[in-house]
Each structure stands twice: as structure tokens, then as C-alpha cells.
Amino acid sequence: DLTAPPALSTHSEIIVRQESLKRMCWERYQEWNWSRLENPMGTALAYYPFEDDISEALELMTLVEQNTLIQHELGEMAISRDIGPQWSAMMLKLLGSKAELLARAVRDHYADCLYTLPFLVEQNNEASIHFYFANLTYIRKDLFPAAIEAYKNWRKNGDPEQIGQVAKTAAAHWHKTLRAILTTYQKSAQKPGAQIVELIEQSRF
């Protein structure tokens with residue numbers, strides 16, 4: 001594995017690679033700076049002094065955003081304790097498929113509803129909330145439209161509580177979906193990937 005994710009976790013430890021996170025922030029800034037669109041990424045970056053001192057902006061952004069990464073990894077650790085090693089075994093079988101991408105998105109949503117989103121709401125750090133939603137992939141946004149709607153409402157009224165309520169309700173939904181994915185995989189003698197894709201696409205929240 002030649003990639004260096006900004007954060008990862010084991011059963012008992014969380015490792016944050018600050019240089020990888022800083023590079024990710026730099027890449028997001030470069031991508032946005034090319035077009036300077038008025039979008040969530042541009043809004044998030046505006047909280048940092050990129051126009052005056054890029055190095056300082058990256059340092060500040062790294063210090064803030066590592067907290068969000070830690071919350072996600074706490075969610076991942078909680079999920080691992082709950083479902084055990086069977087998830088990893090399944091993902092190896094689904095490697096490179098659409099089912100793998102969708103299943104990873106479901107797990108990420110569950111981890112974030114357990115820890116990341118409640119943390120962001122509690123802290124009410126506007127820059128981090130914008131940055132979180134700016135980094136959601138198309139797949140994740142497609143599976144979780146309720147979160148996107150809550151984010152849009154927050155931008156209008158400044159109250160993050162709806163994001164917190166959606167996360168609380170969705171946590172149970174994504175837990176149920178995660179369990180259903182495993183059950184489908186275990187019961188499917190042939191083409192479990194196709195059935196998992198169908199299941200997840202019908203589980204949008």
C-alpha cells in the first residue's frame with residue numbers, strides 16, 4: 001500500500017499523520033484556487049489566512065482538522081468492536097467492485113454519525129463543518145441526502161442542531177444497513193456483490 005492516509009486506527013490506537021493531512025489540505029486549496037468557486041470548500045478555506053500566509057494557514061488547518069479525523073477513527077474503532085473481523089474478510093472478497101465502494105461509504109457514514117457529526121455540532125466549528133461536507137464524495141452525498149439538506153439549512157440559519165438530529169437518527173439506520181450488508185453477504189452463494197449494491201442503493205437516508 002503506497003498511500004498514506006491522514007489517519008488510521010487499530011483496535012487500541014489512533015495514528016494521525018499530520019504531514020499527510022497537511023498535504024491533503026494543500027491539495028484541497030490548490031484545487032479550489034484554480035476556479036475559486038463559491039462552494040463549501042471555498043467557504044471552509046476562507047476561515048484560514050491563505051491569502052496572507054499559506055504556510056500558517058496550512059498549520060492552523062492541520063491542527064483543527066486532525067480533531068475531526070480522530071473522531072472518525074473513534075467511530076471506526078467502535079464499529080470494529082461491534083462487528084468483529086467478518087467485515088474485513090468480506091471487503092477482501094469485494095475488493096475493486098462497486099459493492100466495496102458503497103459498503104465503505106455506509107461504514108463511513110455510520111462512523112461519522114456515531115462520533116464525527118455529534119462532535120462537530122458540539123464544537124460548532126464552522127470551518128470544520130464546511131470542510132467536512134466539502135469533502136464528501138458523490139457516493140456519500142447520494143446515499144445520505146438528509147445530511148446534505150441539514151447542512152444547507154445550517155448555512156441558512158446558523159443552527160447546527162438539525163445536523164445533530166439527523167446524525168442521531170441516521171446512526172441507527174446505518175447500523176441496520178451495515179448488519180444487513182453482512183447478512184446478505186453471508187447468505188449469498190452467488191454474486192453477493194450485486195445483491196449488496198441493490199441493498200445499499202435502496203437504503204438511502
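Start at 1 with the first residue, then count along the sequence.
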Taking all non-hydrogen atoms of both residues into account, name the closest pair between [X] and [Y] and its distance.
X	Y	answer
W174	L143	CH2-O, 3.4 Å
D159	W154	C-CD1, 3.4 Å
E73	A7	OE2-O, 3.6 Å
L182	M90	CD2-SD, 4.0 Å
P118	L114	CG-O, 3.8 Å
A105	R140	CB-CG, 3.9 Å

Could you measure the distance from the [atom1] atom of [X] to the [atom2] atom of [Y]? Nearest 0.5 Å is fine.
X	Y	atom1	atom2	result
I54	W26	CD1	CH2	4.5 Å
I163	Y132	CD1	OH	9.5 Å
I139	H109	CD1	NE2	9.5 Å
Y47	L60	OH	CG	15.0 Å
M61	L63	CE	CG	12.0 Å
Y110	D82	OH	CG	5.5 Å

Residues [X], [Y]: salt bridge by 4.0 Å N-O rule:
X	Y	answer
E65	R28	no
E59	K22	yes
R36	E51	yes
E19	R23	no

Evaluate the side-chain proximity of [Y] to [X]: yes if any heavy-atom separation is below 4.5 Å, no if none is.
X	Y	answer
L120	P160	no
L136	I148	yes
L102	I196	no
Q123	Q71	no
Y185	K93	yes
C25	Y48	no

ILVMFWY network linking [X] to [Y], side-chain heavy atoms under 4.5 angstrom:
X	Y	answer
M91	L199	yes
F205	L101	yes
I70	V64	no
L58	L69	yes
L21	L74	no

- S80 and R107 side chains, donor-acceptor separation under 3.5 Å: yes

| field | Polar side chain donor-acceptor pair, Q195 to S188, under 3.5 angstrom | value | yes

**Asked** After noting the C-alpha distance and the side-chain angles of W34 and Q30, does the key distance pass the side-chain hydrogen bond (donor to acceptor under 3.5 Å, both in side chains) rule?
**Response** CA-CA 6 Å; W34 183 261; Q30 283 186 307; over 6 Å; no

Strictly distance-based, threshold 3.5 Å: is any side-chain N or O of [X] a donor or acceptor partner for the main-chain N or O of [Y]?
X	Y	value
H72	A111	no
D142	Y138	no
H173	S203	yes
Q165	E161	no

* side chain to side chain contact (heavy atoms under 4.5 Å, CB included) between F144 and C113: does it pass, once the steps are laid out? -> CA-CA 11 Å; F144 201 179; C113 286; 3.7 Å; yes

* Pair M41-N135, side chain to side chain contact (heavy atoms under 4.5 Å, CB included): steps then yes or no -> CA-CA 8 Å; M41 184 61 71; N135 279 292; 3.8 Å; yes

Note to self: Which label fits Y29 and F50: parallel for a plane angle under 30°, tilted from 30 to 60°, or perpendicular past 60°?
What the structure shows: parallel

**Study point:** Stepwise side chain to side chain contact (heavy atoms under 4.5 Å, CB included) test for I129 and N124
**Key:** CA-CA 8 Å; I129 294 175; N124 197 20; 4.2 Å; yes

